[in-house]
2 protein chains.
Amino acid sequence: MTELIDGNVHAANVRARTKVRAEAFAASHGRKPRLDVVIVGNHPASRAYVSTKTKMAHETAIDGRLIELPETVGKDALLAEIARLNADPAVDGILVQLPLPDHLDGQMMIDAIDPAKDVDGFHPMNVGKLFTAAKIDPEQMLIPCTPLGSLMMLVDTLGKGALSGRNAVVVGRSNIVGKPMAQLLLANDCTVTIAHSRTRDLPAVCRQADILVAAVGRPEMVKGDWIKPGAVVIDVGINRVATADGKSRIVGDVATAEAMGIASYITPVPGGVGKMTVACLLHNTVVAAEARARG
Amino acid sequence: MTELIDGNVHAANVRARTKVRAEAFAASHGRKPRLDVVIVGNHPASRAYVSTKTKMAHETAIDGRLIELPETVGKDALLAEIARLNADPAVDGILVQLPLPDHLDGQMMIDAIDPAKDVDGFHPMNVGKLFTAAKIDPEQMLIPCTPLGSLMMLVDTLGKGALSGRNAVVVGRSNIVGKPMAQLLLANDCTVTIAHSRTRDLPAVCRQADILVAAVGRPEMVKGDWIKPGAVVIDVGINRVATADGKSRIVGDVATAEAMGIASYITPVPGGVGKMTVACLLHNTVVAAEARARG
């Protein structure tokens, strides 16, 4: 029997705890924690993501604001907007929605964000802290949201300490998911393998995983027979695929139907990791607000 | 037949190239690149390391200076010394020799070094750049010296591009070697596994490695039958062990005698990775000097 790890339930728990903290913050400081999300242009999926983020912020007692800039905004104007948000004492978290249009350098914009307000956890200073910390503490650090949410679901599902000594395989080596996910699993004492497009015999590598994290962005790439019986599968992919009726549906990076009966646990898509990503963004916003208030 | 990878030869090549650049820097800027090494207390091995570093610096046309502080130096006095070196425009590289006495926090001192002068590559900002860079370029970044030297030997021995798709296993997860080594191998398209003290069946994990990096600090822990026939072995360990005659000798983390005839290549200890560590420190000092001169 394969059990689904319900992202909606886990995310609701994170948001409930975060809301309590956000309300306590507001009571102490006379203002809500505030998350400002910058979006450039009209990419439909990005617009959907950011509206979810600000809507969820409001429901979590966080002041979520959306800053919409035209597709044609220049480098200097975007940097000036980031500088303005850095300087605004009422702004706790700044998120620049990626990807940006081709004429803008995403890393340059990330580097420009005050690390104390970098609720995505992508600034090199926050990445460096994540990779060097003696102890990884999501209350003290700004950790990228998708890996943090994935780790929280693993720990909540398996129990604290249960990751120690397990073989974890992360497929994908992005800065946003693969590499920080590997670091979080390593910090939890997994033996960690990072696989990717150049890996030879990827199915065999995946079959060694007690914990398999798929973060490649390729629809249903991980097949049922790539999964070790009893493995825990975290499916980070969110891929839109066309269906026979001319519409589309969302699938993950794992062929979930094939995984059922083989994996012990799996996160569904939709309704899995994606829900935790937004919840962890709100968590990070409150962590940033509290840290800034402590000074 | 197992071939030895001669660290003396590789290091001499790096130093020769670095010396040419250091001399060109001096000709352009009217001063040599300068490395200041801070040592606290009288730890004999540390004193031997730092005197090698400054001696090698001088032979490479780098102005290497040693700053000796007493074992009892306080936190604030050490921070003040680092601040003085940060502010001195003639200082290009600052190295605080680790480990520090127990009353001093090594990470706090690393965090205090100007990232532009952090020739050890340990500052979170430099670590963050290493783990997020789209392209890892030792001419543009300050990369920890031991992993950088190990990678250079691998690339020089096997040829550029030969690492792609190979299974690399790094035993040890320190900030100084294991984690940055894993990142360098990943950036060279290896499938990378990080193993450590909590790994189950470490011999079996090691036997999967086409490239095996041992960085644990345990004398001759990696046995001959842990090595896949034909694997390339990088032995980062430098361990002093007592001998029957009451003296001592230096051994690595790999049982080298057992590995002979199994591995295709292995770095000896002494005369392997250790030599490259110092050479890469000098390389980093010139990279830092050039970058600072560019402004």
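Proteins get letters first, then strands, A, B, ... in listed order; numbering begins at 1 in each. Any value given below was found using the heavy atoms of this structure, including those in side chains, with hydrogens, waters and symmetry copies removed.
- Applying the side chain to side chain donor-acceptor pair (under 3.5 Å) test to residues at least two apart or on different chains, the pairs with a partner in residues 211-234 of chain B are Asp210(B)-Lys228(B).
- Counting only distance, with no hydrogens or angles, the side chain of Arg200(B) and the backbone of Ser164(A) share a donor-acceptor pair below 3.5 Å.
- Interface residue Arg173(A): only side-chain heavy atoms are found under 4.5 Å from chain B.
- Residues of residues 146-155 of chain A having a heavy atom under 4.5 Å from any heavy atom of chain B: none.
- Atom CZ of Arg198(A) has 12 or fewer neighbouring heavy atoms from other residues, nucleotides or ligands inside a 6.0 Å radius.
- Among residues 111-133 of chain B, the residues having any heavy atom closer than 4.5 Å to a heavy atom of chain A are, in sequence order, His123(B), Pro124(B), Met125(B), Val127(B), Gly128(B), Lys129(B), Phe131(B), Thr132(B).
- Residues of residues 177-193 of chain A lying under 4.5 angstrom from chain B, judged on non-hydrogen atoms, are Lys179(A), Gln183(A), Leu186(A), Asp189(A), Cys190(A), Thr191(A), Val192(A), Thr193(A) in numerical order.
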